Novice: 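Would you mind keeping the following structure in view while I ask a few things?
This structure is a prediction, so every number in the text was calculated from the model and none was measured. For ligands, and for the atoms within them, numbers begin at 1 and follow the listed sequence.
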Amino acid sequence: MSVREEFDEWARQGRDEGMEQRHWHTAKHALARMPVEAGETVLDLGCGSGYAGRALRETTDAGRVYGLDGSLEMARNARSYTDDPRIAYLVGDFGALPFADDAVDHAFSMEAFYYAADPSRALEEVRRVLRPGGTFYCCVNFFAESEHTHEWQDKMGVDMTLWSRAEYRAAVRDAGFYVAAQDSIPDREIEIPPADEFPTDEWASRDAMVDRYRVHGTLLTVGVVP
Ligand SMILES: C[S@@+](CC[C@H](N)C(=O)[O-])C[C@H]1O[C@@H](n2cnc3c(N)ncnc32)[C@H](O)[C@@H]1O
């Protein structure tokens, strides 16, 4: 199954809103750190329900926000959740962004980047469309050190790139960014049941769930264009 087919199906099942609820716990902390100034243009890569763009418009003076997704159904759902004329949702692929060079001030991505067919090429594309001084806030929950996320690959019908923290830094650098920050954002909001309630349908042990959410959470890597 292609990434588009997989996420079209998720969108039809309404799973975009479930992702939003789960990802918001940590995504909001990354979004709050973005140095978006009045009138600036922001691109959300793999926007899903489009919550990041909506949040940025509500909390900053962003002039224009583009949510890009490879799934038409995701983009369609995202459009239906807002009538803000300064937010546009586009269907496109990370490997060939439909923007001119230097056209975007800041980019954000949550739990989407590792689906790129060629992640290094995707980083080069983000670098190309960002202006000098522009930033890329790249957030992932699926990464090498967070071992209890690795089984997701078996559950997904599409290939996912499993990089370590160091590999994210190196790839961001190789694409022509400075690495301005790298950080783990723990999910402190998800409820973790007491030990005697494990195993659950999803988790073999409480320790595994603590490791996934409280220890590793979301890996944020911030690239800045020289
Ligand atoms: C796990 S969802 C995350 C959605 C949203 N960012 C969130 O936090 O809930 C990943 C999204 O990335 C999109 N995506 C995956 N690979 C893509 C690609 N190569 N180009 C564009 N979008 C892609 C999928 O269609 C999907 O909507």
Side-chain angles (χ1 to χ4, degrees), residues 1-32 34 42-56 65-82 87-99 104 106-126 128-129 136-143 146 149-163 171 175 185 187 189-190 212-213 217-221:
M1 192 181 273
S2 70
V3 173
R4 176 178 175 166
E5 286 167 338
E6 176 87 25
F7 285 103
D8 273 348
E9 189 54 32
W10 283 43
R12 277 191 286 267
Q13 294 170 1
R15 293 174 70 184
D16 54 323
E17 292 182 291
M19 284 197 292
E20 171 179 336
Q21 282 165 18
R22 285 195 307 281
H23 296 165
W24 179 246
H25 295 177
T26 54
K28 66 184 171 192
H29 296 291
L31 289 165
M34 291 183 73
V42 186
L43 170 62
D44 176 16
L45 293 153
C47 64
S49 73
Y51 66 88
R54 283 184 267 123
L56 285 170
V65 178
Y66 294 96
L68 177 134
D69 206 284
S71 156
L72 173 64
E73 300 298 336
M74 283 288 181
R76 203 196 303 270
N77 282 5
R79 179 74 275 166
S80 74
Y81 304 142
T82 178
I87 306 180
Y89 293 104
L90 312 172
V91 179
D93 191 89
F94 301 159
L97 297 176
F99 293 89
V104 175
H106 305 284
F108 171 83
S109 183
M110 174 68 188
E111 274 297 84
F113 177 77
Y114 49 74
Y115 291 109
D118 180 347
S120 297
R121 161 89 190 145
L123 281 171
E124 285 166 13
E125 272 295 272
V126 182
R128 179 185 67 75
V129 303
F136 179 35
Y137 280 64
C138 180
C139 302
V140 293
N141 294 344
F142 177 75
F143 57 100
S146 188
T149 64
H150 296 187
E151 66 198 41
W152 296 351
Q153 175 62 91
D154 302 328
K155 295 179 182 164
M156 294 295 294
V158 296
D159 287 339
M160 299 155 69
T161 294
L162 185 64
W163 278 348
I185 305 176
D187 181 339
E189 292 177 43
I190 191 153
R212 153 71 184 94
Y213 289 105
T218 293
L219 175 65
L220 166 67
T221 306

Novice: Are the side chains of Phe142 and Leu162 in contact, using a 4.5 Å heavy-atom criterion?
Specialist: yes
Novice: Return the option from Gly46, Gly67, Ala78 holding the heavy atom at the smallest distance from atom 4 (C) of ligand 1.
Specialist: Gly46
Novice: Return the closest protein heavy atom for atom 7 (C) of ligand 1 as residue, atom name and distance.
Specialist: His23 ND1, 3.2 Å
Novice: Do Tyr137 and Leu220 touch side chain to side chain, with heavy atoms closer than 4.5 Å?
Specialist: yes
Novice: How does Cys47 reach ligand 1, by side chain, by backbone, by both or by neither, if only non-hydrogen atoms under 4.0 Å count?
Specialist: backbone
Novice: State, with a plain yes or no, whether a side-chain heavy atom of Leu97 is found less than 4.5 Å away from one of Leu43.
Specialist: yes
Novice: Do Cys139 and Phe108 have side chains that get closer than 4.5 Å, going by heavy atoms?
Specialist: yes
Novice: Among Asp118, Thr218, Asp69, which one has a heavy atom closest to atom 13 (C) of ligand 1?
Specialist: Asp69
Novice: What is the nearest protein non-hydrogen atom to atom 10 (C) of ligand 1, stated with its residue, atom name and distance?
Specialist: Glu111 O, 3.4 Å
Novice: Is there a polar contact, in the sense of an N or O pair closer than 3.5 Å, between Asp16 and ligand 1?
Specialist: no
Novice: What protein heavy atom sits nearest atom 19 (N) of ligand 1, and how far away is it?
Specialist: Asp93 OD1, 3.1 Å
Novice: Work out which heavy atom in Ala107 is nearest to a heavy atom in Met34; give both atom names and the distance.
Specialist: O-CE, 3.6 Å
Novice: So, 4.0 Å and heavy atoms of Ala27: is ligand 1 close enough to count as a contact?
Specialist: no
Novice: With nothing but distance in play, are any N or O atoms of Met110 less than 3.5 Å from an N or O of ligand 1?
Specialist: yes
Novice: Name the closest protein heavy atom to atom 15 (C) of ligand 1, giving the residue it belongs to and the distance to 0.1 Å.
Specialist: Val3 CG1, 3.3 Å
Novice: With heavy-atom distances below 4.0 Å as the criterion, list the atoms of ligand 1 near Gly92.
Specialist: 20 (N), 21 (C)
Novice: Can you find a non-hydrogen atom of Ser49 under 4.0 Å from ligand 1?
Specialist: no
Novice: To the nearest 0.1 Å, how far is atom 8 (O) of ligand 1 from its closest protein heavy atom, and which atom is that?
Specialist: Tyr51 OH, 2.6 Å
Novice: Atoms of ligand 1 less than 4.0 Å from Gly70 heavy atoms?
Specialist: 21 (C), 22 (N), 23 (C)
Novice: Without swapping roles, check the side chain of Glu111 against the backbone of Asn141 for a donor-acceptor pair under 3.5 Å.
Specialist: yes
Novice: Give a yes or no on this: more than 12 heavy atoms of other residues, nucleotides or ligands lie within 6.0 Å of atom CG of Asp159.
Specialist: no
Novice: For side-chain contact (heavy atoms from CB on, under 4.5 Å), just list the numbers for Glu17 and Tyr81, CA-CA rounded to whole Å, side-chain angles, deciding distance to a tenth of an Å, and then say yes or no.
Specialist: CA-CA 10 Å; Glu17 292 182 291; Tyr81 304 142; 3.5 Å; yes
Novice: Strictly below 4.0 Å, N to O, side chains only: are Glu125 and Arg121 in salt-bridge contact?
Specialist: yes
Novice: With atoms numbered from 1 as shown, which atoms in ligand 1 lie under 4.0 angstrom from a non-hydrogen atom of Ser71?
Specialist: 25 (O)
Novice: Return the residue, atom name and 0.1 Å-rounded distance of the protein heavy atom closest to atom 2 (S) of ligand 1.
Specialist: Met19 SD, 3.4 Å
Novice: Between the side chain of Tyr213 and the main-chain N/O of Ile190, is any donor-acceptor distance below 3.5 Å?
Specialist: no
Novice: Quick one: which of Phe142, Tyr114, Phe94, Tyr115 has a heavy atom closest to atom 23 (C) of ligand 1?
Specialist: Phe94
Novice: Quick one: does Arg128's side chain have a donor or acceptor within less than 3.5 Å of a partner on Phe99's backbone?
Specialist: yes
